[in-house]
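First up is the structure itself, then whatever we jot down about it.
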Amino acid sequence: MIIGYPLALWLVSVPAKWRALAFVVILIPLLTNVVVRSLGIVLLLAPDGILNGVLGWLGIGPFRNMLYNYGAVCIALAQVFMPYVVLALYDVLQGTSPRVKEAAESLGASPSMVFWTVRFPMALPGLRAGIVVVFLMASTAYVSATILGGGRVLTSGMLVYREAITNLSYPIAAALTLVMTVASLAFSAVVLLVFRKLTPWTRAGEGRANSSLPAIPVWLVRGLDLIGPLISRGLLVIAIILLLLPLYLVVMQSFNDVPQASSAKFVGFTLKWYEIVLQNGNYTAAFLNSVRLAVASTLISLAVSIPAAFALVRYRFPGLNGLAVFWALPLSLPGVAIGVGMLQLLSIFFRLPPFLGLLAVHVAIVIPFCISLLVASVLQLDRAQEEAAASLGANGFQRFFRIILPGLAPGMAAASIMAFLTSFGEVTVTSFLTTARMTTLPVRIYADSTFMLEPTVHAVSAMTMLLTLIALFVLNKFLRLDRLYAR
């Protein structure tokens, strides 16, 4: 929250023509799978890593115990989940009228007073959403905790994974999952109540300002005016470095001629890790499995989401709001809860091929993204064109393929790319359901990184980041990245 807020303010202030490019800073880390990002944190905090190198230039350190403790896990989780806070805050900040800020300035408010009395309070709804989302995801994280914790840090997600996969104790895993889910929902309810008290103007009849608020001393206001911009810029730099530097380190390490993936010191340039990856049948098979799974889940999700989007937009029936919440349910549930539930379901339908089980859970995860994007596209369709086509004798199929489908094309392209990237990079739920013969690329990277094998894991990670970057630039051709999130 602390380092994400200045980044959200920066996104809002970027000129419109550069905002799509600025969003790449957020979306590349967000769409890069969590294993790759955790590997970057390992390289950042390693005894011979870049952080110790910078501290050494300043005459501090070196620190040999920054890895495999709670601090390392917290840094990794902050890097992984900070984009969700940034995007939640951006959604509120960019929708706030600039006239409110101008009114405060015209009444003599200094920059720090404008921030603390206007911009920060009005962004509290976005902050509430970001806190809830990050807590729900971070409280059940186990991939980053496993890689950065080194077996010394146990999280509830790790306990669930161990009981379900290692001990094969599904009842205990299910019980732990239920406790985690209830605790997360209870925390969310508390956050909602607290922020409801903090934002009375969002409720009808309670929009008047509270005149009993204590006045801020003049000396404090002047001090905040002096150090506020410096602190804000410093936190912005830290946020961007934390998001992008670990990914850069992974790419650089993929060209490093070192024997182990955990060694961060650059020894010499080499391409042998890429040669090994391209010649390794295990990586190739895992990559093809991920592609087949992502393509199939994207196609099925689109087939389901298009009629669902039309139903949500153009029809009114009892339970419509409940149905909209139901579609988004997979986003609000802990990943381990979905994984354990699907694992128990497949233990009943044990003759179902592993690919179909993975496909089912990926479709459930991808569908909310597709529906949210396609609902916005359906809202933008011009129904007058459909009525004109009908008046000229076009039947339902002709109207759909000649009028509706071309109008939906940009939204379908955006939904397809987002669905593909989400499915291709998914690791939390997938790790519960993979088998020796049916392993996806992110799970393969996770397995290799856990045992600290050769830097081939960095080479294949760099290749997946390149795929993500290309997909984002293609997506920007169909729909600007900043407008994509606004949907």
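Because the structure is predicted, anything quoted here is derived from the model rather than measured.
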Any side-chain heavy atom of L77 within less than 4.5 Å of one from M82?
no

CD1 of I50 to OH of Y248, rounded to nearest 0.5 Å, is 7.5 Å

Quick check: does any side chain N or O of R37 sit under 3.5 Å from a backbone N or O of P29, one acting as donor and the other as acceptor?
-> yes

- Query: How about E163 and T166: do any of their side-chain heavy atoms sit closer than 4.5 Å?
  - Reply: no

Is there side-chain contact between F424 and S290, with heavy atoms separated by less than 4.5 Å?
yes

dist F255:CZ -> T270:OG1 (nearest 0.5 Å) comes out at 10.0 Å

Distance col, row L247:CG vs L44:CG, nearest 0.5 angstrom, shows 11.0 Å

* **Atom OH of Y142: over 12 foreign heavy atoms under 6.0 Å** => yes

To the nearest 0.5 Å, atom CH2 of W18 lies from atom CG of L21 at 7.0 Å

| Can you find a heavy atom in the side chain of V363 that is under 4.5 Å from one in the side chain of V304? | no

When the ring planes of Y161 and F432 are compared, do they come out parallel, tilted or perpendicular, using 30° and 60° as the limits? perpendicular

Exactly one of Y90, W10, F473 clears ring pair (Phe, Tyr, Trp, His ring centres under 6.0 Å) with F23, and that residue is Y90

Under 3.5 Å, side chain of T464 to main-chain N/O of S461, donor-acceptor pair present?
yes

For Y315, is the OH atom crowded, meaning more than 12 foreign heavy atoms sit under 6.0 Å from it?
no

Those residues at least two apart in sequence (or on a different chain) that pass side chain to side chain contact (heavy atoms under 4.5 Å, CB included) with R128 are P125, V191, L192, F195

*Might you confirm whether atom CG of L278 has over 12 heavy atoms from other residues, nucleotides or ligands at distances under 6.0 Å?*
yes

Separation between CG (L245) and CD (Q79), nearest 0.5 Å, reads 9.5 Å

ask   = Between Q398 (side chain) and N395 (backbone), is there a donor-acceptor pair under 3.5 Å?
value = yes

Test log, rule side-chain contact (heavy atoms from CB on, under 4.5 Å), inputs V35 and V457 = CA-CA 10 Å; V35 181; V457 66; 5.7 Å; no

### Task
Using a cut-off of 6.0 Å, state whether more than 12 heavy atoms not belonging to R314 lie near its atom CZ.
yes

Output yes when a side-chain donor or acceptor of W273 lies under 3.5 Å from a complementary backbone atom of N256, and no otherwise. yes

Quiz item: Is it true that the side chains of S144 and S38 contain a donor and an acceptor less than 3.5 Å apart?
Solution: yes

Compute whether any side-chain donor of one residue and acceptor of the other, for T439 and T434, lie under 3.5 angstrom apart.
no

Query - Pair T430, H362: side-chain N/O donor-acceptor within cut-off below 3.5 Å - result: yes

Is there side-chain contact between P455 and V258, with heavy atoms separated by less than 4.5 Å?
yes

Please test D257 against F269 for side-chain contact (heavy atoms from CB on, under 4.5 Å), starting from the C-alpha separation and ending with a verdict. CA-CA 6 Å; D257 191 8; F269 182 86; over 6 Å; no

- Do the side chains of L168 and Y170 get nearer than 4.5 Å, heavy atoms only? yes

Look at the aromatic rings of F397 and F401 and report parallel, tilted or perpendicular, splitting at 30° and 60°. parallel

Evaluation steps, side-chain contact (heavy atoms from CB on, under 4.5 Å), between Y446 and T146: CA-CA 10 Å; Y446 172 55; T146 302; 3.4 Å; yes

Taken in chain and number order and not counting sequence neighbours, the residues that satisfy side chain to side chain donor-acceptor pair (under 3.5 Å) with S301 are none

- Could you check if a side-chain atom of S156 sits within less than 4.5 angstrom of a side-chain atom of L176, using non-hydrogen atoms only? no

Can any side-chain N or O of E426 pair as donor or acceptor with the backbone N or O of V429 at less than 3.5 Å?
yes

Notebook entry, point to check: T468 and T32: side-chain hydrogen bond (donor to acceptor under 3.5 Å, both in side chains), yes or no, with the steps?
Noted result: CA-CA 7 Å; T468 302; T32 301; 4.7 Å; no

task: Show your working on side-chain contact (heavy atoms from CB on, under 4.5 Å) between Y283 and I276 and close with a plain yes or no.
output: CA-CA 9 Å; Y283 281 120; I276 294 174; 5.9 Å; no

d(N33 CG, M465 CE) to nearest 0.5 Å is 9.0 Å

_Using modelled atom types and a 3.5 Å cut-off, is there a donor and acceptor pairing between side-chain atoms of T422 and backbone atoms of I365?_
no

Heavy-atom check, side chain of S184 versus side chain of F135, under 4.5 Å = yes

